[in-house]
Structures are given as structure tokens and as C-alpha cells.
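Note sheet for the following structure.
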Amino acid sequence: MVDLNKIESLRENNRLEAKKATGGFPTSMWATYSSFANTKGGVVLLGVEEYPDKSLNVVGIKNADDMMKDFWNNVNNRQKISANILTDKNVYSHVIDGKTIIVIEIPRAERQFRPVFINNDLFGGTYRRNGDGDYHCSEEEIKNMLRDQSEITGDTKILVSLGIDVLNSDTVKRYRNRFKNFKPDHIWNNIDDNDFLLKIGAAKKDVNGTLHPTGAGLLIFGSEYSIVEEYPNYFLDYREKIDESNRWSDRVYSTSGDWSGNIFDFYFKVIDRLTDGIKIPFHLENGLDRIDDTNVHEAMREALANALIHSNYYDRRGIVVEKFKKQINISNPGNFRINIDEALSGGVSDPRNAGIIKMFALVNIGERAGSGLYNIIEVWKHQNWKAPHIEEQFGPDRTSLSLQVETEEENDVGINVGINVGINESKILNLIQANNGITAKAMAESLGITPRQVERAISKLKTNGLLKRVGSNKSGYWKLEKQDSLS
């Protein structure tokens with residue numbers, strides 16, 4: 001984990017700790033053991049001192065064998081350490097310039113063992129790493145780790161304090177319509193809503209046979225004001241800033257009160273906004289039909305779905321999606337339940353919310369068998385775009401994904417309107433200038449974009465005072481405004 005041959009160039013950090021240990025086995029070692037195990041893992045060097053400038057100096061240990069024996073006795077003592085997560089290969093001696101040091105490589109503990117705590121004191125002896133120091137975990141952090149220990153994810157539990165009526169009937173209808181589109185011959189299409197919710201895991205019956213939502217059912221189908229009864233910190237926020245102004249040009253958030261506020265509706269409100277304006281290559285099917293649903297679209301859908309699937313909805317700060325001109329940031333409460341290297345390599349799936357992933361998968365939303373992050377990285381590599389950046393934070397726990405994207409050049413075709421507009425808006429103005437009676441459907445077909453993208457482009461043009469609709473949608477026409485600025 002560290003190059004011991006270049007120890008003079010090393011510095012203490014959030015994954016490296018040096019302890020002089022000339023006076024015997026350091027008691028502070030156990031707090032560091034706990035903190036590394038509960039965070040990202042790390043290496044402890046015994047017999048190495050840290051100078052004030054943070055550089056390291058080897059002083060050596062004279063009784064290394066006795067000190068390692070003392071270490072193993074304590075790490076296997078459940079009154080001292082709650083879990084021994086080490087093997088013989090993790091603890092060894094190493095000689096540098098004739099001086100012996102002890103190297104202890106501490107991996108990140110599997111979630112079944114977290115929190116790792118010391119002195120038989122769960123709330124007083126649980127630590128994490130922050131910068132180059134160890135800190136006591138808050139009660140909230142400890143409870144989050146305890147929740148993640150269970151093999152049965154929390155979103156599958158029945159919420160007996162809530163009735164089935166808290167689920168939004170319009171969302172249920174939209175979900176069932178999508179389910180029917182993907183599975184038109186499925187037997188569940190012929191059962192009533194309550195039985196359907198039971199089948200997919202959105203609801204369960206209590207001992208008296210009364211139907212209640214599950215955690216996943218509430219998050220997917222509930223209304224925001226009901227969701228926060230179970231998840232007080234629940235919040236969804238999409239923010240878009242394309243220009244240099246200080247204001248968001250578009251925003252969707254769960255507390256606005258003009259939509260349900262649940263994660264299913266949030267997904268479909270946001271996903272087209274995320275891909276709109278991104279320079280995405282298309283391909284032709286049979287050399288004729290343009291296919292716009294590319295690997296980039298799929299990867300973007302997986303990125304958003306991953307945040308919704310893996311969030312800890314009890315934790316703070318909610319899910320935040322930010323779209324800038326050349327970057328998209330998606331962050332969610334909760335950290336990885338598996339080693340981050342496993343998550344990046346693909347093939348290993350350990351969702352925090354098994355109920356959500358099941359219900360999303362039934363309507364073709366979300367990653368496939370742990371391939372989400374791996375697929376995103378591969379797509380970005382194929383596009384020759386900057387590699388995605390993934391960051392894990394602790395206290396509060398949070399996972400962030402930053403995606404650098406290429407966007408269509410502004411005003412690279414068509415008429416000059418005197419202000420910046422995107423390429424879709426500019427092309428639409430061209431079409432309208434040639435035929436002011438053109439329909440939105442015809443615009444989409446002509447430009448090879450989706451009707452939703454046309455709607456958004458027209459909305460922006462109207463907002464900027466560049467376009468006006470005269471008369472009805474059926475018999476009216478488009479009028480270009482600010483015509484003195486057109487060339």
C-alpha cells in the first residue's frame with residue numbers, strides 16, 4: 001500500500017499513520033485501527049516518527065517480535081477490539097537502513113463488521129479518519145453503519161404507521177403504464193393496484209392483513225409530505241446553470257409542491273434535462289434511421305439511477321444533481337457498501353435499497369448486476385472524455401460523481417439572434433424562419449431530436465423573448481420576435 005523504500009518522501013495523511021513507539025506499544029494505535037477500518041483503510045508504521053514539517057524519519061523498534069505478539073493478543077481480544085479484520089500478511093516487520101519497523105496494513109472493514117470499535121464501547125470507541133487524524137464518530141454515523149450491517153435492506157421493511165393511501169395514485173398509474181409497455185403480456189397487468197403493489201414489493205400486509213407501504217414503496221410512489229414522515233432528511237434537488245449568471249436557469253426539487261416529490265417522478269423529470277445539449281454522437285440503423293439513444297444516454301441514466309438506488313435516505317443533505325455547461329455533478333447521502341475498487345471494476349452488486357432496485361429493474365431503470373459505474377467509466381473512455389471523478393466523504397457520509405461532458409457549440413449554425421442560444425434553439429429558429437407553420441413534431445423529425453428536446457428549446461426561446469406562438473396549436477403559427485437582431 002506504501003513504498004517503504006521511499007519513506008523519506010512520505011507524509012502522514014488520511015491513509016497513513018506513523019507512530020514512534022520507542023516507549024512500547026502505543027495505546028493510540030487502537031483508535032487508528034478503528035478509524036482506518038471504518039473509513040477507507042490505511043497503513044500504520046510503528047518505529048517511524050513524524051517531524052514538525054510532516055516528513056517521516058525511521059527510528060526503529062528493538063523488540064519488534066514482542067510488539068507484534070502484543071498486537072495480535074489485543075486485536076483478538078473482543079474486550080479491546082470488536083472485530084479482527086486482519087490476516088498474517090497484514091502485519092509484518094521491515095528493515096530500513098538496519099532499523100526494524102512494524103507495518104500494519106488495515107483494510108476497510110466489510111460492512112457486516114462496521115462499525116469497528118474499541119474498549120467494548122460502541123458509541124465512545126468508534127472512530128473514523130479525517131485528514132491525518134482520528135475522530136469520534138457521531139451517533140448518526142454509527143447508526144448508519146449499523147443499518148448497513150443487515151442482509152435485509154431497510155427499504156423492504158413494512159411501515160405500519162402509514163396507510164396505503166399515502167401512495168400517489170398518479171405515480172402508480174405512470175409506473176403501471178411503463179410496466180405494461182415493457183411487459184404487455186404480463187399477468188400482473190390484469191390485477192388491481194393493491195395486488196400489483198404487493199407483487200412488486202411496494203406494499204406488505206401486517207399481522208391483521210392490513211396493507212401498508214414498504215420503505216421502497218413510499219420512496220417510489222409516495223408524496224413528499226408523506227415520505228418525510230419516515231425519512232425526515234429526504235430531499236431531491238436538480239439544479240441547472242448553463243450561463244454565467246448567478247441564478248439557476250432550471251430547477252426541480254421535491255419540496256416545490258407542484259409535483260409528487262417521489263424518486264420515480266424525479267427520475268423522469270430530470271433525465272431529459274441531463275442529456276439535453278450534450279454533444280452525443282448518433283448512429284444510423286440500416287443506413288437510414290437516426291438512433292439517438294446512445295451509450296452516453298444509457299450511462300447518464302445509470303448515473304442518475306445509481307444515486308437513487310444507493311442513497312441512505314435517513315442521512316442528511318439529500319440527493320443533489322447539478323448541471324453546468326461542461327460538467328454534471330451527482331451526489332447522494334451514503335457511502336459505498338463495498339470496496340470502491342470492486343465498485344469500479346464492475347460485477348459486484350450490493351445495493352443499499354434492494355426494494356428500489358427491484359422495482360426500478362421491473363420498468364428498465366438502473367444498473368445491471370453491479371455494472372453501473374464500470375459502464376459509465378468505459379463509455380466516457382470511448383468518447384475520449386475526461387475520466388469520471390468519484391469521491392467518498394464521511395461525516396456526513398456522501399458519494400459524489402463528477403462527469404465532464406462536451407456540449408454542442410453555441411450559435412454555430414443559422415441566424416444570429418443577438419444573444420447566446422443553444423444549437424437546438426438556433427436550428428429551430430432556422431426552421432421557423434423557413435416555415436412559420438411547422439409543427440413541433442416536424443421539428444423533432446427534421447432535426448433528429450426528441451419531442452421533449454424541442455419543447456424545452458421552444459420554452460427557452462419564449463423565455464428569452466425570441467419566439468411567440470400566435471393562435472392555437474392546431475391552426476396558429478410561430479412569430480419570430482426581435483427581428484431587427486436577425487441576420
Side-chain angles (χ1 to χ4, degrees), residues 174-175 177-179 181-183 220 236 238 240 252 263-286 289-311 319 321-324 326-332 336 342-351 353 356-390 399-408 424 444 447-454 456:
R174 284 189 286 272
Y175 182 95
N177 285 338
R178 184 175 173 86
F179 180 90
N181 287 336
F182 282 102
K183 299 173 171 50
I220 290 178
L236 309 175
Y238 170 82
E240 183 176 306
V252 177
I263 65 174
F264 182 79
D265 289 340
F266 181 76
Y267 175 87
F268 286 102
K269 279 183 172 291
V270 166
I271 192 58
D272 282 345
R273 288 171 160 89
L274 276 183
T275 56
D276 188 24
I278 297 175
K279 187 177 181 180
I280 299 175
F282 63 90
H283 66 275
L284 298 179
E285 192 172 82
N286 302 321
D289 299 322
R290 173 170 169 158
I291 307 301
D292 286 287
D293 192 26
T294 66
N295 289 337
V296 175
H297 287 89
E298 179 182 346
M300 200 70 77
R301 290 195 293 267
E302 289 184 359
L304 179 60
N306 278 352
L308 297 170
I309 288 168
H310 295 286
S311 281
I319 297 173
V321 182
E322 297 175 311
K323 180 180 179 181
F324 302 96
K326 293 185 178 295
Q327 181 170 317
I328 291 171
N329 302 325
I330 303 175
S331 63
N332 62 269
F336 285 99
E342 292 178 319
L344 296 178
S345 62
V348 180
S349 181
D350 187 15
N353 299 293
I356 292 176
I357 197 172
K358 173 189 174 182
M359 282 184 264
F360 272 13
L362 286 171
V363 290
N364 201 34
I365 300 173
E367 61 181 320
R368 306 177 305 277
S371 64
L373 279 178
Y374 174 80
N375 183 54
I376 293 167
I377 291 170
E378 288 300 303
V379 169
W380 254 243
K381 184 187 299 183
H382 180 73
Q383 295 296 120
N384 292 316
W385 291 350
K386 184 178 179 180
H389 176 70
I390 301 163
T399 302
S400 300
L401 172 67
S402 293
L403 301 170
Q404 297 288 327
V405 296
E406 289 189 15
T407 56
E408 299 282 10
N424 285 344
L447 299 178
I449 60 179
T450 66
R452 170 63 180 161
Q453 288 174 303
V454 171
R456 294 197 67 210

Handout entry: Under 3.5 Å: donor-acceptor pair, side chain of Trp380, backbone of Val296
Key = no

Problem - Ionic contact status for Arg174 with Asp265, cut-off 4.0 Å - result: yes

Practice task
Would you check if the side chain of Lys323 reaches a backbone N or O of Asn329 as a donor-acceptor pair within less than 3.5 Å?
Solution key: no

Fill in the blank from the handout: In terms of heavy-atom contacts, Ala307 and Ile319 come closest through O-CD1, 3.8 Å

Exercise for the section: Using only heavy-atom distances, determine whether the side chains of Gln453 and Asp272 contain a donor-acceptor pair under 3.5 Å. Expected result: no

Handout entry: Main-chain N/O of Phe264 paired with Tyr175 side-chain donor or acceptor, under 3.5 Å
Key = no

Completion exercise
Residues Leu403 and Met300: closest non-hydrogen pair is CD1-SD, 4.0 Å

Problem - Min side-chain heavy-atom separation Phe324-Glu240 under 4.5 Å - result: no

Exercise for the section: Please tell me if the side chains of Leu401 and Asn306 come closer than 4.5 Å, counting only heavy atoms from C-beta onward. Expected result: no

Handout entry: Sub-4.5 Å side-chain heavy-atom contact between Gln327 and Glu322
Key = no

Handout entry: Heavy-atom check, side chain of Asn353 versus side chain of Phe360, under 4.5 Å
Key = no

Practice task
Side-chain contact test, heavy atoms from C-beta onward, threshold under 4.5 Å: evaluate it for Tyr238 versus Lys269 and give yes or no.
Solution key: no

Practice task
Could you tell me which non-hydrogen atom of Ile356 sits nearest to which non-hydrogen atom of Leu308, and how far apart they are?
Solution key: CD1-O, 4.1 Å

Practice task
For residues Glu298 and Val379, determine if any side-chain heavy atom of one lies less than 4.5 Å from a side-chain heavy atom of the other.
Solution key: no

Handout entry: Under 3.5 Å: donor-acceptor pair, side chain of Lys183, backbone of Leu362
Key = yes

Problem - Side-chain heavy atoms of Arg452 within contact of Arg456, under 4.5 Å - result: yes

Fill in the blank from the handout: Separation between NE2 (His389) and OG (Ser400), nearest 0.5 Å, reads 8.0 Å

